[in-house]
Amino acid sequence: MTSSAEQPIGFLDLPRQQKVIADNLRVRLDRVMEHCRFVMGPEVQELEERLAAYVGAAACVGVSSGTDAIQVVLMAEGIGPGDAVFLPAFTYTATAEVPLVLGATPVFVDVDPHTFQIDPASLRQRIAHVRAQGRLRPRAIIGVDLFGQPAPWPELRAIATAEEMFLMADCAQSFGASLSGRRLGREATATTLSFFPSKPLGAYGDAGAILTDDPERAELYRSLRSHGEGKTRYEVLRTGMNARLDTIQAAVLLAKMDVLDLDLARRRDIARVYDAGVAERVIPPARVPDSESAWAIYSVLTRGPEDRAALQQQMQARNVASAIYYPRPLHLQPAYQPHHDGVSLLVSEDLSNRILALPLHPQLARWDVARVVAAVCGHD
Ligand SMILES: *Cc1c(COP(=O)(O)O)cnc(C)c1O
């Protein structure tokens with residue numbers, strides 16, 4: 001074994017990425033140090049315009065995190081006690097946390113066994129169940145673009161329209177992905193983004209944004225992210241939050257936007273190599289038809305918990321990281337189980353026992369990718 005083969009292969013390589021953008025980043029950060037407008041400085045608006053233009057949305061509102069983005073959007077709709085918010089059981093905790101913080105009730109929906117995205121058939125069943133019980137008002141659907149791929153947006157829109165419910169997209173993992181040749185960001189009334197450092201477009205701290213084509217909602221989001229302010233800072237129109245995006249994070253994200261398309265292309269290349277390379281040992285992730293993934297996370301399926309543990313051990317012995325997204329579906333989490341109606345969501349439960357993510361980020365060199373494939377297949 002060569003010494004490079006001993007180097008651990010992790011889930012992220014932020015130092016290597018920083019070298020790529022270092023000069024551009026330094027110029028942008030120096031400019032912030034000069035004007036010292038650390039809150040709502042000019043970089044925030046520049047970033048908002050750039051993100052909106054990237055997806056063709058009418059407006060973008062920068063906020064402090066992906067979680068706060070969801071909260072601002074749901075607050076704008078007045079969602080609260082007595083309201084049911086439908087969301088996949090197989091997603092990151094933030095999606096379910098926000099409805100509860102606002103006093104609403106998350107209703108967990110099962111996912112597709114192949115693409116891992118929210119299952120429209122399960123959604124229809126869950127809405128019918130809540131209507132039949134008559135205890136909660138079905139108010140909103142949160143479609144999550146999981147792991148970099150799009151949720152089934154045409155079906156979700158049809159359901160939201162028929163049921164007269166608000167539809168939002170939690171696109172925290174999938175900025176840069178596209179469906180039917182169109183970049184994600186305009187599939188629902190509002191789309192939330194996260195720039196947590198490990199996402200495909202990552203800041204150097206917490207940051208997020210909201211995309212919308214509705215100018216009135218965009219104004220409401222701007223007010224809500226800044227204490228519900230009106231035309232002037234000391235006019236308070238509504239109860240809001242402090243959910244502003246830091247100028248420094250906006251400057252970092254502007255530098256990262258310059259390399260986003262290159263990063264996405266590299267992620268797609270690596271995913272193609274994995275697809276062909278690991279199929280003899282595991283089931284590669286199924287593609288959502290007519291889409292391009294942002295490849296935030298590349299998750300394969302093993303045969304079961306023992307098989308997955310064995311594979312993780314085999315990879316670890318070769319110094320290759322792996323991770324489980326998500327080891328427990330949300331309806332079985334201690335915090336959320338008391339709010340769940342007890343229905344089994346079999347696909348989410350099965351996936352949590354079998355799924356395993358391989359390292360996939362733009363800084364992986366060709367020989368790193370080959371090492372990951374060899375580690376999965378147990379080759380030397
Ligand atoms: C990361 C993530 C969030 C939360 O974003 P933060 O910026 O960490 O608050 C929400 N939903 C999903 C699906 C995520 O992956």
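Note that ligands are numbered from 1 as they come in the structure, with each ligand's atoms numbered from 1 the same way.
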* To do: Spell out, as yes or no, whether a donor-acceptor pair under 3.5 Å connects the side chain of Q17 to the backbone of K256.
  => no
* Asked: Should the pair Y326 and Y92 be assigned to parallel (<30°), tilted (30 to 60°) or perpendicular (>60°) ring geometry?
  -> tilted
* Which heavy-atom pair separates L146 from F116 by the least distance, and what is that distance? -> CD2-O, 3.5 Å
* Asked: Is any N or O atom of Y326, backbone or side chain, closer than 3.5 Å to an N or O atom of ligand 1?
  -> no
* Asked: Using a heavy-atom cut-off of under 4.0 Å, does the side chain or the backbone of D68 touch ligand 1, or both, or neither?
  -> neither
* Would a distance-only check, ignoring hydrogens and angles, find a side-chain to backbone donor-acceptor pair under 3.5 Å from D246 to S64? -> no
* Structure fact -> atom 11 (N) of ligand 1 sits nearest the protein heavy atom D170 OD2, 2.7 Å
* Structure fact -> atom 2 (C) of ligand 1 sits nearest the protein heavy atom K199 NZ, 2.6 Å
* Flag, side chain of T247 to backbone of F38, donor-acceptor distance under 3.5 Å -> yes
* Please state which protein non-hydrogen atom is closest to atom 9 (O) of ligand 1 and give its distance, to 0.1 Å? -> T67 OG1, 2.5 Å
* Can an N or O of A94 be found at a distance shorter than 3.5 Å from an N or O of ligand 1? -> no
* Heavy atom of the protein closest to atom 5 (O) of ligand 1 (residue, atom name, distance) -> S194 OG, 3.2 Å
* Is R222 reaching over with its side chain to a backbone N or O of V61, donor-acceptor style, under 3.5 angstrom? -> no
* Asked: Touching ligand 1 at all, T95? Heavy atoms, strictly under 4.0 Å?
  -> yes
